[in-house]
Each structure stands twice: as structure tokens, then as C-alpha cells.
Amino acid sequence: MTKKIQWPLHLMILPALLLILVYSYGPMFGIVIAFQKFIPARGLGGSAWVGWDNFQYVMAMPDSLRVLRNTVFIAVMKMAANLVVPITIALLLNEVRKEAFKRSFQTLVYLPHFLSWILLGGILIDVLSPSVGIVNQFLGTFGVEPIYFLGDRSWFPFVLVGTDTWKEFGYNTIVYLAAITGINPALYEAAIVDGANRWKQTLHITLPGMAPIIVLLSVLSLGNVLNAGFDQVFNLYSPQVYETGDIIDTFVYRLGLVDAQYSVATAVGLFKSVVSLAFILISYLLAYRLANYRIF
């Protein structure tokens with residue numbers, strides 16, 4: 001039996017496809033300036049070709065290794081926190097029997113996901129202020145000296161991880177709760193008959209039932225190992241914390257738009273894109289092997 005092609009549904013894809021072509025694939029022609037000594041007045045055709053010189057220049061820069069280390073450290077910490085915290089909260093919420101409380105809590109923790117880092121940046125600067133911030137005032141009641149969370153390079157990476165986890169754990173919790181609701185209730189009934197308490201039910205039924213979605217989301221997150229979050233870092237960092245808070249995306253921003261080193265900035269961005277593509281391919285392969293996940 002021949003399937004009828006749903007042309008109206010296919011036509012609905014065109015606007016999204018057009019946006020991707022214009023804003024995602026169109027700018028890729030600019031990659032060529034990574035191999036040029038690009039001068040805007042001469043354009044792409046008139047600028048001199050320099051081969052791999054820009055990449056060699058980036059590798060010789062003293063900041064390159066530090067930026068790469070910061071990016072990987074912050075991204076991996078975020079991936080771990082955004083895995084452990086939502087799973088824990090989902091397991092705890094699964095034990096709550098009052099549906100009104102459960103739904104209210106889900107809505108409350110889900111809201112930060114919709115707030116932009118521009119708005120949250122202003123709020124966090126006030127909340128974490130060493131002079132008038134509510135966090136330092138609370139710590140002061142226990143005799144703790146004020147901490148300059150956003151200006152201390154030892155604290156700054158952990159502030160990034162903590163605030164990102166707070167913003168996103170509500171969304172991820174809902175995903176894991178959806179996985180829990182898909183578990184066959186007959187398994188819990190059988191466990192109760194066998195005398196299993198709530199902890200043993202969680203350990204032997206709930207967690208194994210969540211395992212496929214945990215594996216899938218963990219593996220797919222590998223593609224973001226070089227994405228430490230430009231919006232968040234850009235709105236919270238300052239020169240005092242470049243040592244531990246500067247990441248590849250903010251480094252590219254300063255090179256390209258602040259220092260006008262367009263070719264060098266493009267070379268750094270291209271390097272990141274190539275490595276990220278490799279991680280995405282590996283994560284997709286692992287997701288297919290471990291969780292039978294495939295797009296096509």
C-alpha cells in the first residue's frame with residue numbers, strides 16, 4: 001500500500017528550513033577568513049591567504065590552554081550537576097503523594113528555565129553582592145565573612161555551575177518524572193507483595209526503569225562538552241575572574257568584536273566547531289549502541 005505524502009505538513013517545514021539556511025548555513029561561508037589575514041576594507045576576495053598561520057598563532061597564545069581548560073571543566077561540572085540533581089529531585093517527588101504539592105513544586109522550579117541570562121544576571125549580581133546580597137547577609141548570621149562570589153576566581157566556576165543547575169533542573173526533572181510514569185505499576189504491586197519497602201522499590205524498579213533515558217541524555221550531553229554557556233558567563237564575568245571563568249565563546253567574542261582580530265577569532269571558533277562535531281558524532285553513536293536511539 002502506497003503511503004500518501006502529506007504535502008501541507010511538508011510545506012510547514014519550509015519557514016524553519018529557510019531560517020536555518022539563512023542564519024546557520026549562510027554564515028558558514030565566512031569560515032574562509034580563518035585562513036586569511038582578513039581586512040574588512042578589502043573583503044573576502046582581496047584579503048591575503050595565510051594558510052594555517054592563524055591556527056598556529058592561537059596555539060602559541062598563552063591564554064589558549066587556560067581557556068580550553070576552563071571550558072571543559074565548567075561544561076563537565078554542569079553536565080554532572082544537571083544529571084544528578086534532576087534525578088534526585090524526580091525520585092523524591094515520585095514519593096510525594098499529595099498531587100497539589102507535587103504540581104505546584106514542578107511549576108515553581110520550572111519557571112527559571114524561561115528566564116534569560118540577561119535578566120538573571122542582574123538578579124544574581126544583587127543577590128550575591130558581598131555588601132547587600134541576601135546570600136552574604138544570611139551567611140553573616142553564622143559569622144561567615146562576606147564572599148565576593150562573582151569577583152573571586154576560586155568561587156566563580158562553582159557559581160556558574162550552581163546557578164545553571166538552579167535554572168535548568170526543573171526542566172530536566174520533568175523529563176525524568178515522565179520516564180517514571182512510564183514504568184509498569186504491576187512491578188510495584190509485585191514488589192509490595194514480596195515485602196519490598198520504598199527504598200528497595202526505588203533501587204530495583206524505579207532506577208532501572210529510568211536507566212534508558214538517563215543513558216540517552218547523558219550520552220547526548222557529550223556533544224556540549226565545549227559549550228560552557230556564553231550567555232551566562234558573558235553576563236556574570238569580569239576581568240577579575242578571567243583566570244578561571246573565561247571560556248572559548250567569550251574568548252572568541254573578545255578577540256573578534258573587542259580586539260577586531262577577525263581571522264584569529266574565526267580560527268578559534270572553527271576549531272571549537274570541528275571538535276564539537278566530533279563529540280556529537282561520538283555521542284550519537286554511543287546513544288544508538290547503548291539506548292537504541294536514532295534520528296533516522
ask   = If you measure from the Lys or Arg side-chain nitrogens to the Asp or Glu carboxylate oxygens, is any gap between Asp63 and Arg66 under 4.0 Å?
value =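 Counted as a salt bridge, because a side-chain N and a carboxylate O are separated by less than 4.0 Å.
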query = Are Asp53 and Lys37 ion-paired here, with the side-chain N under 4.0 Å from a carboxylate O?
reply =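 Salt bridge absent between Asp53 and Lys37.
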message = Quick one: does any side-chain atom of Gln232 pair with a main-chain N or O of Leu160 as donor and acceptor, under 3.5 Å?
response =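 At least one qualifying donor-acceptor pair exists.
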Step through the shown structure and confirm whether more than 12 heavy atoms of other residues, nucleotides or ligands are within 6.0 Å of [atom1] on [X].
| X | atom1 | value |
| --- | --- | --- |
| Leu119 | CG | yes |
| Phe279 | CZ | no |
| Glu99 | CD | yes |
| Ile134 | CD1 | no |
| Arg254 | CZ | yes |
| Phe55 | CZ | yes |

inquiry  = I want to check something: taking the side chain as every heavy atom from C-beta on, are Leu14 and Leu11 in contact at a cut-off of under 4.5 Å?
reply    =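 They are in contact (side-chain heavy atoms under 4.5 Å apart), so the answer is yes.
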task = Could you grab the distance from atom CG of Leu124 to atom CG of Leu120, nearest 0.5 Å is fine?
result =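 Spacing of CG (Leu124) from CG (Leu120) equals 6.0 Å.
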ask   = If we ignore angles and hydrogens, is there a donor and acceptor under 3.5 Å between the side chains of Gln201 and Arg198?
value =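 Gln201 vs Arg198: donor-acceptor pair found between side chains.
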request  = Check whether the side chains of Thr173 and Tyr110 place a donor and an acceptor atom closer than 3.5 Å, and report yes or no.
outcome  =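 Short answer, no.
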Shared hydrophobic cluster for [X] and [Y] (ILVMFWY, side-chain gaps under 4.5 Å):
| X | Y | value |
| --- | --- | --- |
| Leu91 | Ile205 | no |
| Val258 | Ile247 | yes |
| Trp49 | Leu270 | yes |
| Ile282 | Ile280 | no |

Please work out which of the three classes, parallel, tilted or perpendicular, describes the rings of [Y] and [X], given edges at 30° and 60°.
| X | Y | value |
| --- | --- | --- |
| Phe158 | Phe73 | perpendicular |
| Trp7 | His10 | tilted |
| Phe230 | Phe234 | parallel |

